[in-house]
Amino acid sequence: FRIAGGYFQSDPFSRPTGQIPVIPDPRVANANCSVSTGANGLQVGTGPNCIGGSLYPVDATGTPGRSFENDGTKQPKVDVRVDQELSGNARITYNAGYAGTTGIVHTGIGPFNLQSGSFLTYGKVGYSKNALKISLFTNILDAEAPNLLLTDPTTLKPVALNFKTQTYDFEVGHSMVVGGNHILSYGGNARRNNFEITLTPNAENRSEFGAYLQDEFHLDKFRLSVGGRVDKFGNIDSAVFSPRVSVMLKPTEDHSLRASFNRAFRAPSAVNNFLDQKIFAPIAPIDLRPLAGLIPLLVPGPAGQGLASLVPKTPISLIVNNVGNPNLKEESIKAYEVSYTGTFNRKTTIGLAAYQNDSDDNINFATITPNASRPAGIPPFDVYTPLDSNTCCAPTGIPGPLYGFLLQARIPGFPLPRTVSTYLSLGPLRQRGFEASIDHRFNGKVSASANYSYQEKPKVLTAASGQIPYLTEELGLPAKNRFNAAVNWTTARFLGSAGVNYVDKALWTDVLSSTFHGFTDSYTLVNASFGVKWADGKLTTTLKGTNLLNEKIQQHVFGDILKRSVSLEARVNF
């Protein structure tokens, strides 16, 4: 048997302050954006291709100044395992555990604060006999998390993310040697997911079924692996086939060349399909009163006078509908890789790899502007619901004829309100990169490693007929260069490590609206640790230092600020 437990607690990190820089959109060629400084000292962007500009943070109507208090985290956990040995080389393993958490989780629609009492429990029973493996597991998740920036227009309380989910899974797998050179592996699983999520009141519970078959062929210095998996999810129309193939050549025992291809998929989540949450639009109240004098000039006669009479007499706030899309396709990726691994003098291992990932039907959360002909894949949605500011949140609505006129006229100075935010299946995207690594063992006590990776700017590929091309505003730009190096040292009594990590700048576009999009600076992170083993190794204490140079590091444009931190860890074996 084994009993393991732990507790982790951290004070909150610092939050970024000030204004996100206004910049021309780096994803748009010859971006139309000029940046100036306003009377209040803040940057102002003029032109359709500006991003950034929001303050950290803003409230639901875009008014600067609303703040939320950052929070730390408390994370207890416990795990129990019992192994039962049976005759005939068989074993039954029982696992159960609990993990709790509190603290802030950042999402695409802002930060949610996980409340005390949020937890995950799990249990698993596994049977194995030689190559036969049978397992049954369940995960139960229960959490409550109010949003710290967004207000629910119906309740006038923070948008609530409360969720209870249960997952039950049964899996069987087996393998056998056929003909001396073939290792045949096969199996399958059945899974049930139950959902109870406040953001998706109409979410449907889901059943999933899958089966796989793989043949690994060995012949001297050559190895070929061919396999495939078929999955059927309850929220996608057809079964999905995921093939994989790899070829490996080992000219010597210490050197190998490998080429591989695989196709994988991700089914839409319950939130992707069934999100249903209204929020106050992240823009200032709209004042349409100047239209009362402008419309009669554009539409002479009684018709124009009638439209002018429909103009709201006070500024109005708007509610945007965030909804799921039940017509989403499964997101897929085709991955190609070639690699080399070589070991020299049994101490130094070098790895080189190049890859290309082509994704398609990418599931992205996007904002749609109404137009006369809606692209394929976008279901019909309700428009903004405006609110009369004088009556505090009582729905009044932009009269249909006036909204239709604004939709067609597109009058300068009166930007057309967007209709809805939803998930779309977007066209193909290509990502390429290169990786190199080296590991060296000096002796039985000291080892070192280093790795470097390069990633190209993602390339938007041509969309299929009727498919929505990948939207420029949804495209993030990853760090081009990353480098890591570390040294590890361990003896019977002492252990330690030191490492340095460098990450290039990156463009983030996955939180809130484009005014929150922007770059994070490149950074160098230096970490080290020193530990001592006590009582014949039953107690290990480790002093860990993170960001020892105390550099101001922000790993996401909306993320916390990482400064120097020191922690003491104790591990007890009994």
Side-chain angles (χ1 to χ4, degrees), residues 19-40 42-55 58 61-64 108-109 280-288 290-291 294 298 315-318 320-322 362 364-375 378 381 383-384 386 398 403-422 424 426-427 429 457-460 462-463 468-477 505-520 557-558:
Q19 184 184 27
I20 297 175
V22 179
I23 59 173
D25 193 333
R27 302 158 299 180
V28 178
N30 302 316
N32 181 359
C33 173
S34 60
V35 183
S36 59
T37 302
N40 56 3
L42 298 177
Q43 289 183 326
V44 178
T46 304
N49 303 131
C50 297
I51 61 174
S54 280
L55 296 176
V58 300
T61 61
T63 303
I109 58 174
F280 284 102
I283 56 176
I286 295 177
D287 189 354
L288 299 179
L291 286 174
L294 182 59
L298 300 175
I316 57 174
S317 296
L318 301 175
V320 65
N321 298 319
N322 293 320
N362 297 274
N364 284 77
F365 195 61
T367 302
I368 303 168
T369 300
N371 53 52
S373 58
R374 195 167 48 244
I378 302 179
F381 297 113
V383 299
Y384 271 126
I398 296 179
Y403 185 83
F405 169 77
L406 293 174
L407 185 65
Q408 298 296 327
R410 298 181 180 271
I411 302 172
F414 295 92
L416 182 69
R418 288 171 173 164
T419 301
V420 70
S421 292
T422 189
L424 301 177
L426 303 180
L429 187 68
K457 176 182 177 181
K459 181 181 180 181
V460 176
T462 303
I468 305 171
Y470 201 99
L471 302 176
T472 300
E473 57 266 30
E474 295 300 316
L475 189 65
L477 302 181
K505 68 176 183 179
L507 179 73
W508 302 91
T509 63
D510 56 342
V511 168
L512 301 173
S513 61
S514 62
T515 59
F516 285 95
H517 298 171
F519 281 102
T520 48
V557 70
F558 200 76

Peer 1: Please name all residues satisfying side chain to side chain donor-acceptor pair (under 3.5 Å) with Asp510, sequence neighbours left out, ordered by chain then number.
Peer 2: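 In terms of side chain to side chain donor-acceptor pair (under 3.5 Å), with neighbours along the sequence ignored, Asp510 is linked to His556.
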
Peer 1: Which atom pair, heavy atoms only, marks the closest approach of Leu424 to Ala366?
Peer 2: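 So the minimum-distance heavy-atom pair works out to CD1-CB, 3.9 Å.
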
Peer 1: Would you give the length of the straight line joining atom NE2 of His517 to atom SG of Cys50, rounded to the nearest 0.5 angstrom?
Peer 2: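 Interatomic distance, His517 NE2 to Cys50 SG, rounded to 0.5 Å: 14.0 Å.
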
Peer 1: With the side chain counted from C-beta on, respond yes when Thr46 and Cys33 share a heavy-atom pair under 4.5 Å apart, and no when they do not.
Peer 2: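 Thr46 does not reach Cys33 side chain to side chain.
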
Peer 1: Do Leu426 and Ile468 have side chains that get closer than 4.5 Å, going by heavy atoms?
Peer 2: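 With C-beta onward as the side chain, the pair touches.
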
Peer 1: Between Asn49 (side chain) and Ala31 (backbone), is there a donor-acceptor pair under 3.5 Å?
Peer 2: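 Pair absent, no side-chain N/O of Asn49 close to backbone of Ala31.
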
Peer 1: Kindly compute the distance separating CG (Leu475) from NZ (Lys459), expressed to the nearest 0.5 Å.
Peer 2: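 Here the rounded value is 13.0 Å.
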
Peer 1: Restricting to non-hydrogen atoms, name the atom on Leu507 and the atom on Pro26 that form the minimum distance, rounded to 0.1 Å.
Peer 2: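 That closest heavy-atom pairing would be CD2-CG, 3.8 Å.
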
Peer 1: Does some side-chain heavy atom of Pro24 sit less than 4.5 Å from a side-chain heavy atom of Ile51?
Peer 2: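 No, too far: nothing below the 4.5 Å cut-off.
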
Peer 1: So how far is it from Leu298 CG to Leu291 CG, rounded to the nearest 0.5 Å?
Peer 2: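 These two atoms lie 9.0 Å from each other.
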
Peer 1: Where is the tightest heavy-atom contact between Asn40 and Leu42, given as atom of each residue plus distance?
Peer 2: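 Heavy atoms of Asn40 and Leu42 come nearest at OD1-N, 3.1 Å.
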
Peer 1: With heavy-atom distances below 4.5 Å as the criterion, would you say the side chains of Pro458 and Tyr470 are in contact?
Peer 2: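 No, every pair of side-chain atoms sits at 4.5 Å or beyond.
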
Peer 1: Is the shortest heavy-atom distance from the side chain of Thr472 to the side chain of Val28 under 4.5 Å?
Peer 2: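 Side-chain contact under 4.5 Å: yes.
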
Peer 1: Is the closest side-chain heavy-atom distance between Phe558 and Trp508 below 4.5 Å?
Peer 2: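 Of all side-chain heavy-atom pairs linking Trp508 with Phe558, none is under 4.5 Å.
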
Peer 1: Closest heavy-atom contact between Ile23 and Phe519?
Peer 2: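 Heavy atoms of Ile23 and Phe519 come nearest at CD1-CD1, 3.7 Å.
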
Peer 1: When you compare the side chain of Leu477 with that of Lys457, does any pair of heavy atoms fall below 4.5 Å?
Peer 2: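 Yes, at least one pair of side-chain atoms sits under 4.5 Å.
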
Peer 1: Out of curiosity, Asn362 CG to Leu471 CG, how far, rounded to the nearest 0.5 Å?
Peer 2: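 Here the interatomic distance stands at 10.5 Å.
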
Peer 1: Got a sec, which pairs hit salt bridge (Lys or Arg N to Asp or Glu O under 4.0 Å) with one end in residues 27-38, sequence neighbours left out?
Peer 2: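 Applying salt bridge (Lys or Arg N to Asp or Glu O under 4.0 Å) to every pair that reaches into residues 27-38, excluding sequence neighbours, yields Asp25-Arg27.
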
Peer 1: Measuring only between side-chain heavy atoms, which start at C-beta, is Asn322 closer than 4.5 Å to Phe365?
Peer 2: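 Sidechains of Phe365 and Asn322: in contact.
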
Peer 1: Which pairs, with at least one residue in residues 42-54 and sequence neighbours excluded, count as a salt bridge (Lys or Arg N to Asp or Glu O under 4.0 Å)?
Peer 2: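 Every candidate salt bridge (Lys or Arg N to Asp or Glu O under 4.0 Å) pair involving residues 42-54 fails, so no pair, neighbours aside, qualifies.
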
Peer 1: Measure from the side-chain N and O atoms of Gln43 to the backbone N and O of Val22, and report whether any donor-acceptor pair falls under 3.5 Å.
Peer 2: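 Present.
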
